[in-house]
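Scroll down for the structure; my scribbles are underneath it.
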Amino acid sequence: NRDSNNNNNNNNNNNNNNNKDNNNKPPLSVLVLGATGKTGIVLLRKLVSHPSRPLVHAFCRRRRRLPDAYKTLCTSVVKGDARSEEDLDRALEKTRADVVMVVVGEGDAGTDTDLRTANAKALSRVLVDRPHVRVVALSSFGAGKSRIIVRLGIGALVTRKLRRILKDHSGQEAAFLSTMPERTLIVRATAFIDGFPVG
């Protein structure tokens, strides 16, 4: 057990040295909002294994929903509501984030129809006094002026089901782009399938 602790300390020292050797810049601090969702978990996994060794902070409503392995891999886990300016401000203060990656979803029951929009508005207000912080927001193809065309018989059903979700994605994009367009990257993926590239 003592050797295990020494190895962990050596690994942490090596990671810190690698970060310092990179032009003497401190490691990038990344705050992931929506860390307990499927996309959030994949994003955490990719970030903690990235060669640049960023400081990765998970932000989630329910800490217990984050798998234990990720709790130990992340630099910190911050509990909070993604719609709360107070919680977001506290998380940004604690993590000193350079980048906020937004992958919030519909909530537990899929009934929070404005979670993305409410989060974007709250985060935009909190970031007014933090001009160095950049935002990467995962949106969806079909949001904004983009369109999803489904030509099969189920097209109307799919369109109806997606309408509220895409409205929320569009609200999220509008909130970020109307207040901080130069600091926001919107990613409109067509699909995410673990391990396979898709259109």
Look up atom CG in L44 and atom CG in L66, then write down how far apart they are to the nearest 0.5 Å.
6.5 Å

Go through the structure and list residues passing side-chain contact (heavy atoms from CB on, under 4.5 Å) with V78, not counting sequence neighbours.
F59, S76, R90, A91, K94, T95

Mind checking whether V32 and V100 have side chains closer than 4.5 Å, heavy atoms only?
no

Taking the side chain as C-beta and beyond, is there a heavy-atom pair between L31 and L92 under 4.5 Å?
yes

Is the shortest heavy-atom distance from the side chain of P67 to the side chain of K71 under 4.5 Å?
no

Side chains of L73 and V56, heavy atoms from C-beta outward: is any pair under 4.5 Å?
no

Under 4.0 Å between a side-chain nitrogen and a carboxylate oxygen: does that hold for R116 and E173?
no

All heavy atoms of A122 vs all of R83, minimum pair found to be CB-O, 3.6 Å

Quick check for you: to the nearest 0.5 Å, what is the distance between L55 atom CG and L47 atom CG?
11.0 Å

Answer yes when E182 and R134 have at least one side-chain N-carboxylate O distance shorter than 4.0 Å, and no when they do not.
no

Which residues pass the salt bridge (Lys or Arg N to Asp or Glu O under 4.0 Å) test with R125, not counting sequence neighbours?
E85

So how far is it from L33 CG to L88 CG, rounded to the nearest 0.5 Å?
6.0 Å

Stepwise side-chain contact (heavy atoms from CB on, under 4.5 Å) check, T117 with L115
CA-CA 6 Å; T117 302; L115 179 59; over 6 Å; no

Suppose we screen for side-chain hydrogen bond (donor to acceptor under 3.5 Å, both in side chains). Which residues come up paired with T179, at least two apart in sequence or across chains?
S124

Could you grab the distance from atom CG of D89 to atom CG of D129, nearest 0.5 Å is fine?
8.5 Å

Go through it in stages, so that I can follow the logic: the residues are R61 and D81, the test is salt bridge (charged side-chain N to carboxylate O under 4.0 Å, His left out), and I'd like the CA-CA distance, side-chain angles, deciding distance and then a yes or no.
CA-CA 5 Å; R61 220 175 347 183; D81 184 337; 5.7 Å; no

Apply the side chain to side chain contact (heavy atoms under 4.5 Å, CB included) test between F176 and each candidate in L185, L127, V135; give the one that qualifies.
V135

Less than 4.5 Å apart, any side-chain heavy atom of D98 and any of V30?
no

Residues E93, R130; criterion side-chain contact (heavy atoms from CB on, under 4.5 Å); working and verdict:
CA-CA 10 Å; E93 188 66 32; R130 293 176 172 90; 3.4 Å; yes

Distance (rounded to the nearest 0.5 Å) between C60 SG and R65 CZ
9.0 Å

Would you say that K167 contacts H169 through its side chain, given a criterion of any heavy-atom pair below 4.5 Å between the two side chains?
no

When you compare the side chain of V42 with that of V103, does any pair of heavy atoms fall below 4.5 Å?
no

Would you check if M101 and V99 make a side-chain contact, meaning some heavy-atom pair closer than 4.5 Å?
yes

Does the pair Q172 and V102 meet the rule for a side-chain contact (heavy atoms from CB on, under 4.5 Å), with working shown?
CA-CA 10 Å; Q172 175 191 48; V102 182; 3.5 Å; yes

